[in-house]
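Throughout, protein chains are lettered first and strands after them, A, B, ... in sequence-line order, and every chain is numbered starting at 1.
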Amino acid sequence: MQLARYTAPRGTADILPKESPKWQWVEAQFREKCRLYNYQEIRTPTFEETDLFARSIGEHTDIVSKEMYTFTDRSGRSLTLRPEGTAPVVRAYLQHNLASEQPVRKLYYITSIFRYERPQAGRYREHHQVGIEAIGSADPAIDAEVISLGMDYLTSLGIGGLELKINSVGCPNCRPRYRESLKESVKPYLAELCESCRIRYDANPLRMLDCKVPGCRELTVNVPSLIDYLCDECSAHLASVLKYLDLAGIKYTLDPRLVRGFDYYTKTAFEVQSSRLGAQSAVLGGGRYDGLVEEMGGAKTPAVGFGSGIERTLAIMEAEGVQFPPACHPHVFIVTLGDAPRAAGVQLLLELRRLSVAAEMDYAGKSMKAQMRSADRSEAGIAVIIGDDELARGEVKTRNMQTREESAYPLPAAAQKIKELICTE
RNA sequence: GCGGGAGUAGCUCAGCUGGUUAGAGCGCCAGGUUGUGGCCCUGGAGGCCGUGGGUUCGAGUCCCAUUUCUCGCCCCA
């Protein structure tokens with residue numbers, strides 16, 4: 001154990017060869033859904049100006065107040081490792097004036113996210129998210145499209161038992177009214193609420209709604225509902241989003257207490273939860289952020305998006321016993337005995353690969369028996385055996401690893417013949 | 001930031017109330033055919049028992065600290 005002098009930093013993980021095919025598969029499913037829905041990939045830097053996140057996420061959110069990886073570079077600039085995916089995309093959208101090419105931009109990303117948190121099941125200091133952002137449309141149909149892509153993606157992975165929760169958090173027109181009425185109705189019990197709720201009361205009253213402390217839940221159970229306070233526009237928007245979800249056959253639960261941890265959300269907010277995840281039940285979350293682009297210096301531009309954690313997605317798949325497609329193995333394993341055969345083996349390797357046949361050989365100087373064992377373990381369909389005898393006859397021997405059937409092929413055309421063997425298997 | 005559990009070979013773990021050279025299974029390597037895999041047999045490599053300090057004639061085993069992992073709170077993906 002202590003041979004390892006260095007270990008990966010707390011809350012980070014290596015994705016080893018045994019796991020990486022699963023990641024590739026999940027990412028491929030996501031990319032395929034983005035292709036179908038016509039979202040285009042965007043890649044942004046790992047770090048940004050600190051102010052970008054502080055302003056967009058909200059100064060008094062947990063993320064900004066205590067979870068950001070912030071550092072000063074050699075010229076004194078304050079930079080922060082991306083703690084969420086939306087702000088950098090919006091920044092790039094504005095910086096490169098992507099709006100000028102198309103009024104509605106549909107973008108997706110696959111990236112790592114950094115938050116200084118105490119690690120636990122499904123929570124890391126560096127985790128990975130897939131996500132999409134649809135910028136430039138206020139149409140409720142696109143809220144539904146965003147949700148639909150997310151659900152399609154998760155179900156394409158073979159995940160069941162998901163619950164979509166949806167709510168509207170209103171807009172700058174109606175939210176202040178609700179906030180006041182919420183504070184008014186909570187005021188009599190203020191002293192009985194938990195400590196963090198008492199802080200939220202002034203800083204961010206809406207967050208009191210999703211407090212998990214049982215006592216707070218009881219005290220706020222009869223509090224007015226956000227949905228009753230929505231302005232006509234927000235109310236109509238929500239109704240329309242739900243209508244489109246019904247149209248798409250997507251099941252949801254209307255949850256008036258659903259509130260998200262970023263300040264920039266307006267109107268639609270949603271979360272997909274799985275019971276397989278333990279304490280961290282959210283696997284996908286997002287919503288509409290109609291004020292963010294303007295807040296960051298652009299024109300008034302409506303937008304919607306979501307982010308979804310890859311680690312949590314994989315954890316659900318693991319818990320449900322989802323079968324991943326088998327990992328890729330070499331098709332051909334070359335076994336050589338001695339120096340001259342070895343040179344011929346190297347030559348054959350090159351030719352096979354030039355013909356797009358995956359091929360491998362032993363580089364550990366093993367005995368023939370051991371090389372055969374390696375061939376077996378590599379799950380190669382065919383072993384090619386080259387020794388002095390074969391070379392003297394100007395040929396190579398092949399062995400079908402399933403049937404044990406062996407045959408010989410003259411050397412100049414051997415690569416082509418082996419390719420045909422594989423393709424007709 | 002706060003709380004619970006844990007830290008012994010690459011992996012999963014056993015080591016009873018402190019006592020001599022620290023074990024198993026799996027994996028890995030080699031041999032059992034002079035050039036042939038999956039099963040079987042034999043052998044081998046690999047651990048200052050997370051780290052530092054203390055108690056003791058003596059500590060993997062007790063005490064303290066520290067660190068990492070893990071689970072939960074907060075919050076989120």
Scoring nucleotides 33-45 of chain B by protein non-hydrogen atoms under 4.0 Å (B base, S sugar-phosphate only, - none) yields --BBBB-------
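A cation-pi geometry, defined here as NZ or CZ lying under 6.0 Å from the six-membered ring centre and within 45° of its normal, holds between A:Arg125 and A:Tyr116.
Across all strands shown, A:Phe262 has heavy atoms under 4.0 Å from sugar-phosphate atoms exclusively, and none from any base. Looking at heavy-atom distances under 4.0 Å, A:Ala370 makes contact with sugar-phosphate atoms alone, never a base. Among the heavy atoms of the strands, none lies under 4.0 Å from A:Gly131. Counting any heavy atom pair closer than 4.0 Å across all strands shown, A:Ala121 reaches sugar-phosphate atoms only and no base atom. A:Gly338 comes within 4.0 angstrom of nothing in the nucleic acid, heavy atoms only.
Checking B:rC71, B:rG31, B:rC29 against the side-chain heavy atoms of A:Lys366 singles out B:rC29 as nearest.
Interatomic distance, CE of A:Met296 versus OH of A:Tyr93, reported as 11.5 Å (0.5 Å rounding). Interatomic distance, A:Thr266 OG1 to A:Leu292 CG, rounded to the nearest 0.5 Å: 9.5 Å. Residue A:Gln29 holds its CD atom at 11.5 Å from CG of A:Asp152, rounded to the nearest 0.5 Å.
A:Arg118 has its CZ atom 11 Å from the P atom of B:rU67, to the nearest Å. Whole-Å rounding puts the A:Glu117 CD to B:rC69 P distance at 14 Å. Between the C1' atom of B:rA77 and the OH atom of A:Tyr265 lies a distance of 10 Å, rounded to the nearest Å. One interatomic measurement links the two molecules: CD of A:Gln371 to C1' of B:rC29, which rounds to 15 Å at whole-angstrom precision. Spacing between atom NZ of A:Lys165 and atom C1' of B:rA77 amounts to 16 Å, rounded to whole angstrom units. Atom CD1 of A:Ile57 and atom C1' of B:rA77 are 13 Å apart (whole Å). Between the CD atom of A:Glu163 and the C1' atom of B:rA77 there is a distance of 17 Å, rounded to whole Å. In this structure, A:Gln120 places its CD atom 10 Å from C1' of B:rU70, rounding to the nearest Å.
Comparing the C1' positions of B:rC28 and B:rU70 gives an interatomic distance of 28 Å, to the nearest angstrom. For the C1' atom pair drawn from B:rU21 and B:rG47, the interatomic distance equals 14 Å after rounding to whole Å. Separation of the P atoms belonging to B:rC2 and B:rG60 is 32 Å when rounded to the nearest angstrom. With both ends at atom P, the span from B:rG50 to B:rU68 equals 16 Å, rounded to whole Å. B:rG46 and B:rC64 have their P atoms separated by 36 Å, with the value rounded to a whole Å. For the C1' atoms, the distance from B:rU8 to B:rC48 is 12 Å, rounded to whole Å. When the C1' atom is compared between B:rC39 and B:rA14, the two are found 28 Å apart, to the nearest whole Å. Taking the C1' atom of each, B:rA9 and B:rG15 are spaced 14 Å apart, rounded to whole Å.
Contact annotation: A:Ser367 reaches the phosphate of B:rG31 (side-chain N/O to OP1 or OP2, under 4.0 Å). In this structure, A:Arg10 does not reach the B:rU67 phosphate: none of its side-chain N or O atoms is under 4.0 Å from OP1 or OP2.
Salt bridge annotation for A:Lys66-A:Asp62: present, with a cationic side-chain nitrogen under 4.0 angstrom from a carboxylate oxygen.
Judged purely by atom type and a 3.5 angstrom limit, A:Glu48 has no side-chain atom pairing as donor or acceptor with the backbone of A:Thr80.
Residue-environment remark: CG (A:Asp228) exceeds the threshold of 12 foreign heavy atoms within 6.0 Å.
For the 3.5 Å distance criterion, the side chains of A:Tyr409 and A:Glu420 fail to qualify, holding no donor opposite an acceptor.
Taking the side chain as every heavy atom from C-beta outward, A:Met361 and A:Val346 approach each other to under 4.5 Å.
Mapped onto RNA chain B by nearest heavy atom, A:Pro9 and A:Leu284 fall at different nucleotides, with A:Pro9 at the one closer to the 5' end. Residues A:Gly365 and A:Arg207 each lie close to RNA chain B; by heavy-atom proximity, the contact nearer the 5' end of the strand is made by A:Gly365.
Taking the six-membered ring where the residue is Trp, A:Phe262 and A:Tyr264 present parallel rings, their angle staying beneath 30° rather than reaching 60°.
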Output field dot_bracket for RNA chain B (Watson-Crick or G-U, both distances under 3.5 Å, | for other-strand pairs) contains (((((((..((((.....[...)))).(((((.......))))).....(((((..]....))))))))))))....
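If you run ring pair (Phe, Tyr, Trp, His ring centres under 6.0 Å) between A:Phe30 and each of A:Tyr108, A:Tyr37, A:Tyr39, only A:Tyr108 comes through.
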